[in-house]
Amino acid sequence: MSNAATLTTEKKGTWGGGRSPFSVSYGKLMMWIFLLSDAFTFSSLLVAYGFIRHSYESNKVTPWPSPDHVFNHFPFLHGVHLPLMFVSLMTFILIFSSVTMVLAVEAGHRMAKREVGMYMFLTILGGIGFLSCQAWEWTQFITGTHDGHIFADGSFFKGANLMKNEYGPTPFGDLFFIVTGFHGFHVFSGVVINVIIYLNVLAGTYDKRGHYEMVEKVGLYWHFVDLVWVFVFTFYYLI
């Protein structure tokens, strides 16, 4: 009799499927788990950046470049010192695209197909705009100043790559390419996924399903990408 009671208690206390204890779908739960794992990756990169930068600033042998002196250019305004203005513009574009994504998700809850498509399209434009700005930023960083730099071994180099760096310590350029490149790859992936979702919206796929949860799931990814850029902008460019 006691064994039967024990078995009954164990069955009642175990989730046997059906309604999720987190009140979310399987897809959204898996997206949260993926974003959590990705957050650890970005955190590791930013922590590594902090340790490397601190090591250079503490030995006072090779000064760490000041971001407002390196990133002071703006398209079509040659010779004008505008520290971090272009990077700020990039940040605004990405944050604005996050706003349009919120509006797309909200419209999906109302089953408003036309509005979802419009806001998804604006989100895609924001992502493409950010990637275009980043491509220009990389070009300026690689080509460097017009005068270039003569290193101790007598070699001449202008700009930065993974081997030499006109601006200061080599890790400064390495971390720029790795951190911003890894984030840029996430933005590019998000744009590709958004295009796929946008085409499905136009095709009426989610109207047939009776919900726009897929828009909400890709919205989680897009907000994560935007949030990560806020940390990259703060730690790499501002501090």
Side-chain angles (χ1 to χ4, degrees), residues 19-20 22-39 41-43 46 74-75 84-137 179-238:
R19 183 177 178 82
S20 168
F22 302 105
S23 298
V24 296
S25 67
Y26 175 81
K28 281 199 283 187
L29 180 61
M30 292 301 102
M31 177 60 77
W32 277 113
I33 293 176
F34 166 73
L35 296 180
L36 180 62
S37 64
D38 217 17
T41 306
F42 277 106
S43 299
L46 292 177
F74 205 92
L84 303 179
M85 289 300 295
F86 187 67
V87 183
S88 300
L89 175 63
M90 292 169 55
T91 304
F92 173 79
I93 292 174
L94 200 59
I95 292 176
F96 183 77
S97 72
S98 192
V99 174
T100 56
M101 178 59 80
V102 169
L103 295 175
V105 172
E106 189 276 331
H109 290 161
R110 295 186 283 105
M111 299 296 293
K113 173 185 173 182
R114 185 172 177 275
E115 292 184 37
V116 174
M118 178 183 65
Y119 290 126
M120 285 293 297
F121 181 72
L122 292 176
T123 302
I124 293 169
L125 288 182
I128 294 175
F130 177 85
L131 290 174
S132 301
C133 292
Q134 192 169 53
W136 188 86
E137 181 80 6
V179 175
T180 63
F182 190 56
H183 177 267
F185 174 75
H186 278 70
V187 176
F188 175 77
S189 302
V191 170
V192 172
I193 296 172
N194 282 340
V195 169
I196 296 173
I197 302 302
Y198 173 69
L199 294 177
N200 282 332
V201 170
L202 297 183
T205 302
Y206 307 121
D207 278 334
K208 296 174 184 177
R209 293 182 184 178
H211 60 81
Y212 281 80
E213 184 179 295
M214 188 60 72
V215 175
E216 188 173 354
K217 285 188 284 189
V218 75
L220 291 174
Y221 178 81
W222 194 254
H223 296 321
F224 170 78
V225 169
D226 293 355
L227 180 61
V228 167
W229 177 253
V230 172
F231 283 97
V232 173
F233 178 69
T234 301
F235 285 97
Y236 195 91
Y237 291 94
L238 292 182

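In this chain, numbering begins with 1 at the start of the sequence shown.
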With heavy-atom distances below 4.5 Å as the criterion, would you say the side chains of Val225 and Trp229 are in contact?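 No - every pair of side-chain heavy atoms lies 4.5 Å or more apart.
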Sequence neighbours excluded, which residues qualify as side-chain hydrogen bond (donor to acceptor under 3.5 Å, both in side chains) partners of His109? Glu216
Checking Glu213 now: which residues fulfil side-chain hydrogen bond (donor to acceptor under 3.5 Å, both in side chains) with it, not counting sequence neighbours?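 Counting only residues at least two positions away or on another chain, Glu213 forms a side-chain hydrogen bond (donor to acceptor under 3.5 Å, both in side chains) with Ser25.
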Please report the closest heavy-atom contact between [X] and [Y], naming both atoms and the distance.
{"X": "Lys113", "Y": "Val201", "result": "CE-O, 3.0 Å"}
{"X": "Ser98", "Y": "Asp226", "result": "CB-OD2, 2.6 Å"}
{"X": "Met90", "Y": "Cys133", "result": "CG-CB, 3.3 Å"}
{"X": "Met120", "Y": "Val215", "result": "SD-CG1, 4.1 Å"}
{"X": "Gly127", "Y": "Val187", "result": "O-CG1, 4.1 Å"}
{"X": "Thr180", "Y": "Gln134", "result": "O-NE2, 3.2 Å"}

Sequence-distant partners of [X], side-chain contact (heavy atoms from CB on, under 4.5 Å), two or more places apart:
{"X": "Val102", "result": "His223"}
{"X": "Trp136", "result": "His73, Pro75, Phe86, Gln140"}
{"X": "Val230", "result": "Thr234"}
{"X": "Met31", "result": "Phe34, Leu35, Leu220, Tyr221"}

My understanding is that only one of Phe42, Tyr236, Phe188 makes a ring pair (Phe, Tyr, Trp, His ring centres under 6.0 Å) with Phe182; could you say which?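 With Phe182 as partner, ring pair (Phe, Tyr, Trp, His ring centres under 6.0 Å) holds for just one option, Phe42.
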Does anything in residues 180-201 pair up under salt bridge (Lys or Arg N to Asp or Glu O under 4.0 Å), and if so which pairs, sequence neighbours excluded? none
Mind jotting down which residue pairs meet the salt bridge (Lys or Arg N to Asp or Glu O under 4.0 Å) criterion with at least one end in residues 86-102? Sequence neighbours excluded, please. none
For atom CE of Met85, decide whether the heavy atoms of other residues, nucleotides or ligands shown that lie under 6.0 angstrom number more than 12. no
Residues, nucleotides or ligands: over 12 heavy atoms within 6.0 Å of Phe74 CZ: yes
Once rounded to the nearest 0.5 Å, what's the spacing between atom [atom1] of [X] and atom [atom2] of [Y]?
{"X": "Leu94", "Y": "Leu131", "atom1": "CG", "atom2": "CG", "value": "9.0 Å"}
{"X": "Thr91", "Y": "Phe130", "atom1": "OG1", "atom2": "CZ", "value": "7.0 Å"}
{"X": "Ile196", "Y": "Ile124", "atom1": "CD1", "atom2": "CD1", "value": "10.0 Å"}
{"X": "Leu29", "Y": "Lys217", "atom1": "CG", "atom2": "NZ", "value": "11.0 Å"}
{"X": "Phe92", "Y": "Ser97", "atom1": "CZ", "atom2": "OG", "value": "10.5 Å"}
{"X": "Thr41", "Y": "Leu46", "atom1": "OG1", "atom2": "CG", "value": "11.0 Å"}

Write out all pairs satisfying side-chain hydrogen bond (donor to acceptor under 3.5 Å, both in side chains) with one or both partners inside residues 115-125, taking only residues at least two apart or from two chains. Thr100-Thr123, Arg110-Glu115
If you look only at pairs with a residue in residues 185-204, which of them pass as a side-chain hydrogen bond (donor to acceptor under 3.5 Å, both in side chains), with sequence neighbours excluded? Asp38-His186, Asn200-Tyr206
In this structure, is the centre-to-centre distance between the rings of His183 and Phe233 below 6.0 Å?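 Ring centres of His183 and Phe233 not closer than 6.0 Å.
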